[in-house]
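Step one of this worksheet: look at the structure below.
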Amino acid sequence: MQTSSMDCGPAALKCLLEGFGVHVGYGRLREACHTDVDGTSIDTLEDVARALGLDAEQLLVPYDHVLAPESGSLPAIVIVRLPSGFTHFVVIYRRHGPFVQVMDPATGRRWTTVALLQRDLYQHRMAVPAAAFREYAVSKEMSAVLDRRMASIGIESAERAALWATAIADPGPWGIAALDAAVRVVAALATAGELERGSASTIVAALARRAAEHPNVIPERMWTAHLCPADDADEPHVMMRGAVVLRAKGLIAKTEGDALDTPDAAESEVLRRALDEARPAALRELVRVLAKDGVVAPIACTIAIAMAAIGALVEALLLRGMLDLGVMLPLREQRIAAVLAMIALLATTMALELPQTAMVQTLGRRLEARLRVALQTKIPRLPDRFFQSRLTSDMAQRSHSLSSLQALPRLGGSLLASFFGLIATVTGLVWLDPAGAPIAIESAVLAIVLPLVFVPVLSERELRVQTHLGAIARYYLDALLGITAVRAHSAERAVRREHESLLVEWQRSARAMSSAAVRVDTLVALAGAALAIVSIAGYLARGGALGGSLLVAYWALAIPMLGEQVALSARLYPHVRGTFLRLLEPLDAPEDPVPDVVASGAAQDAVALRFDAVEVRAGGHRVLHDVELTIAAGEHVAIVGQSGAGKSSLLATLLGFYTPIHGEVRVDGAPLDPARLASLRRELAWIDPAVQLWNRSLLANLRYGADDPAIAPGRVLDEAHLLPILERLPDGLATPLGEGGALLSGGEGQRVRAARAFLRSNVRLALLDEPFRGLDRDARRTLTERARHIFREATLLAVTHDVRDTSSFDRVVVIEDGQVIEDGAPAELLAAEGSRYRALFDADVALADRLWGEGVFRRIHVSCGALREERAQ
């Protein structure tokens with residue numbers, strides 16, 4: 001099951017690998033697939049599958065051929081389109097008549113019809129060489145399925161052979177493509193009841209002959225391959241349409257010691273860790289966590305549960321004793337005996353149940369508390385890659401679901417109570433009626449086995465309910481985070497429609513779950529009642545007493561009730577286990593190394609940086625390619641380029657947010673490995689709009705991350721232009737800034753982020769990524785100059801779109817399409833003929849002239865809540 005809404009690719013691949021006996025750790029597999037918050041690509045899934053030993057092949061198959069046995073497309077990962085319009089990976093195992101067996105990472109195992117699945121298949125369009133399409137069209141996969149399709153509309157064998165011979169006589173692709181489209185049209189007519197019996201062959205032949213010359217006679221959606229628009233290619237192409245499938249043909253035969261089939265050492269290491277990762281054992285981990293508080297409490301709780309089960313047996317025997325005494329004693333003594341027996345029963349029950357319940361609840365609270373502490377301790381140590389590939393709402397939902405883990409001890413206690421109760425009840429029946437022992441044992445076995453048979457069905461429906469509940473929870477969080485934009489764009493109706501669709505799906509799954517549970521409970525109850533009747537009738541037939549018959553009835557009817565409790569525990573276990581495993585994923589994830597503490601005030605030189613043929617991919621997309629760049633210690637470098645060129649990705653690589661898949665980043669001549677990265681982060685200052693502002697006081701936000709938590713922020717208040725902000729805050733430095741700095745404007749928040757960076761000492765590397773976004777140009781220029789002065793002894797990299805203000809930097813690096821295309825002094829690049837830097841500089845100047853020229857725009861100045869109009873200079 002996928003652990004977030006964007007994990008369907010790695011989850012589907014894990015299902016497919018496990019089906020072929022290749023165990024792989026899910027967490028490491030996500031990393032190998034380069035999964036980001038925008039998902040992964042099927043190309044990456046194919047590469048990873050083959051590297052892990054699965055003979056996987058990506059194909060583009062006509063949508064109505066995917067489920068045909070002759071096509072050999074299954075089992076496979078396929079792309080479907082969700083009702084929301086997004087694409088989604090599922091695993092199709094096999095077809096059984098009109099039904100298809102599907103493993104959906106979002107909902108679990110499910111069965112669907114051929115028609116529904118074909119409707120949901122995502123149809124991709126791709127230009128392929130005409131010769132390549134013909135090679136595929138004459139293959140067995142295409143010809144066998146086409147022959148079966150013709151047979152399904154009533155074309156005889158000899159006629160099919162003649163049609164096929166005519167189609168392949170055309171040396172190009174159009175003969176076969178036209179026959180395929182004609183058969184699809186005639187099949188649609190047959191489905192609609194508009195086809196006369198015996199006319200299919202004649203219509204297909206005429207339509208295929210006509211379509212080969214004039215393709216427009218058949219609608220484009222009926223064609224597997226259509227005429228591709230003219231291009232400059234040396235050979236003709238066709239536009240092929242079909243479903244994208246990743247077919248698994250089996251395991252790749254490898255000898256022992258063969259290396260993973262991947263060209264990159266870093267990726268090989270990730271895949272090797274994925275193969276070596278131990279299988280998640282929820283029960284073992286749960287026992288390990290509970291054992292940290294000692295084994296006395298669980299053992300005492302188990303003994304109390306067993307005693308309670310025996311106590312129930314004793315209660316029944318006491319009731320029978322009361323009935324027997326009622327026959328022998330006078331009425332007054334009967335009442336006294338009844339009152340004493342009831343008092344004894346109540347005291348015994350309370351003495352057993354209350355400690356047992358208290359111990360179970362205590363274990364649940366301790367388990368939740370221990371796991372919450374473990375999660376909060378682990379989160380700061382997790383690598384950035386872990387959070388980059390998981391949605392914020394998903395991580396929040398995991399933390400919230402911790403409360404449900406209190407049910408684990410209760411679930412175990414209920415299961416033990418049912419188990420001991422069954423043993424005690426069957427023992428009592430055998431003792432009371434030895435001749436009826438076989439029926440008693442059969443009743444107990446059936447009470448357990450019959451509900452367990454239906455557990456997979458109920459568990460799957462329960463899993464769907466929980467999946468939809470998780471989607472609703474994530475929706476609420478996302479809607480709250482974006483509520484301002486929703487209101488600003490009057491998008492409430494769209495939000496309500498999405499909410500309604502989520503509620504409808506949840507209601508449908510909950511209704512299906514409830515209906516199935518009622519049917520199963522009814523079946524179990526009827527079976528238990530029937531066996532109870534057989535037990536009572538057998539006991540009476542063997543001359544049993546009246547008091548004994550009541551006891552037999554009580555115990556016989558208790559057996560199916562205990563069996564239902566076993567089934568309920570088994571049904572709830574997958575959900576609680578899934579929640580526990582989702583929590584174990586971050587707890588078991590590898591941690592970032594903790595660097596050695598740098599002595600405060602120690603003088604250190606600026607860092608020297610080098611990028612050697614660095615390539616970076618994010619979410620399956622290449623963001624940096626073949627980057628060669630050397631930056632000397634103490635240099636101040638401006639990085640410019642168009643939006644999306646890769647400027648921020650270059651800085652993110654230095655911050656460790658991206659790991660190069662090729663090439664190497666070196667800091668002071670040493671590779672930027674995890675230990676060196678952790679140490680470098682203590683020596684750098686980073687100013688970026690992505691830096692978080694906390695809902696704490698302004699002083700706490702300024703000191704956050706400072707080497708000295710008691711440092712006075714006085715000097716940076718003026719350097720970061722924070723004094724005007726401080727004057728209007730009601731409590732000065734003690735004023736909370738709101739969630740994400742909501743009480744500040746965008747520009748004011750950037751000043752706080754800058755001041756936080758200015759307070760850091762021993763900075764050897766300063767990274768500025770659009771550091772003063774939201775401020776006017778003069779303020780941006782002034783603050784940039786101050787930042788350069790404060791970090792004058794450090795190496796400084798500044799990403800900016802203010803190209804005109806980069807002329808004072810030592811160097812300018814121009815990035816385009818993920819590559820460094822220009823590098824040099826600003827004056828040299830401006831003087832160079834055809835310089836890309838010169839083009840960006842001139843465009844920046846021209847934009848300023850257009851925006852601020854006379855008569856173009858009115859200029860309204862806002863200061864302290866007052867408006868005044870300025871004349872253009």
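Hydrogens, waters and symmetry mates play no part in the numbers below; they use all other heavy atoms, side chains included.
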Quiz prompt | More than 12 heavy atoms of other groups within 6.0 Å of Y476 OH | solution = yes
Between [X] and [Y], is there a donor-acceptor pair closer than 3.5 Å when you use the side chain of the first and the backbone of the second?
{"X": "K14", "Y": "V24", "answer": "yes"}
{"X": "S515", "Y": "A512", "answer": "no"}
{"X": "S514", "Y": "R511", "answer": "no"}
{"X": "R95", "Y": "A68", "answer": "no"}

Quiz item: Checking side-chain contact (heavy atoms from CB on, under 4.5 Å) for the pair I439/E442: CA distance, chi angles, key distance, verdict?
Solution: CA-CA 5 Å; I439 294 295; E442 290 175 5; 4.0 Å; yes
Quiz item: If you measure from the Lys or Arg side-chain nitrogens to the Asp or Glu carboxylate oxygens, is any gap between E505 and R508 under 4.0 Å?
Solution: yes
Quiz prompt | Salt bridge D120-R81, side-chain N to carboxylate O under 4.0 Å | solution = no
State the [atom1]-[atom2] distance between [X] and [Y], to the nearest 0.5 angstrom.
{"X": "F99", "Y": "T112", "atom1": "CZ", "atom2": "OG1", "value": "9.0 Å"}
{"X": "C15", "Y": "M103", "atom1": "SG", "atom2": "CE", "value": "4.0 Å"}
{"X": "Y63", "Y": "L121", "atom1": "OH", "atom2": "CG", "value": "9.5 Å"}
{"X": "L29", "Y": "L52", "atom1": "CG", "atom2": "CG", "value": "7.0 Å"}
{"X": "I92", "Y": "Q101", "atom1": "CD1", "atom2": "CD", "value": "11.0 Å"}
{"X": "L16", "Y": "Y93", "atom1": "CG", "atom2": "OH", "value": "6.5 Å"}

Exercise. Let me see the working for L116 and V100 under side-chain contact (heavy atoms from CB on, under 4.5 Å), right down to the final yes or no.
Key: CA-CA 10 Å; L116 287 177; V100 185; over 6 Å; no
Exercise. Start with the C-alpha gap between V245 and V66, add the side-chain angles, then the distance that decides, and say whether side-chain contact (heavy atoms from CB on, under 4.5 Å) holds.
Key: CA-CA 8 Å; V245 304; V66 173; 4.2 Å; yes
Min side-chain heavy-atom separation [X]-[Y] under 4.5 Å:
{"X": "R519", "Y": "F454", "answer": "no"}
{"X": "V114", "Y": "Q118", "answer": "yes"}
{"X": "F89", "Y": "V78", "answer": "no"}
{"X": "I559", "Y": "L429", "answer": "yes"}
{"X": "L74", "Y": "L67", "answer": "yes"}
{"X": "L54", "Y": "F20", "answer": "yes"}
{"X": "L557", "Y": "M561", "answer": "no"}
{"X": "V360", "Y": "P409", "answer": "yes"}

Exercise. Mind running side-chain contact (heavy atoms from CB on, under 4.5 Å) on L367 and Q406 for me, showing each step along the way?
Key: CA-CA 7 Å; L367 175 64; Q406 280 199 28; over 6 Å; no
Exercise. Evaluate the criterion side-chain hydrogen bond (donor to acceptor under 3.5 Å, both in side chains) for residue pair D104 and H88; output intermediate values, then yes/no.
Key: CA-CA 9 Å; D104 189 332; H88 180 63; 2.8 Å; yes
Listed pairs under 3.5 Å, donor-acceptor, residues 522-538 side chains, sequence neighbours left out:
| unit_1 | atom_1 | unit_2 | atom_2 | d |
| --- | --- | --- | --- | --- |
| T522 | OG1 | V518 | O | 2.7 |
| S535 | OG | L531 | O | 3.1 |

Closest non-hydrogen atom pair, [X] against [Y]:
{"X": "S71", "Y": "S73", "value": "OG-OG, 3.0 Å"}
{"X": "A76", "Y": "R247", "value": "CB-CA, 3.8 Å"}
{"X": "A56", "Y": "A49", "value": "CB-CB, 3.9 Å"}

Quiz item: In terms of ring plane angle, is the pair H499 and Y475 parallel, tilted or perpendicular, where the classes change at 30° and 60°?
Solution: parallel
Quiz item: Out of V426, I423, L422, I448, which residue meets the side-chain contact (heavy atoms from CB on, under 4.5 Å) rule with L562?
Solution: L422
Practice problem: With sequence neighbours excluded, tell me which residues meet side chain to side chain contact (heavy atoms under 4.5 Å, CB included) with T191. | Solution: none
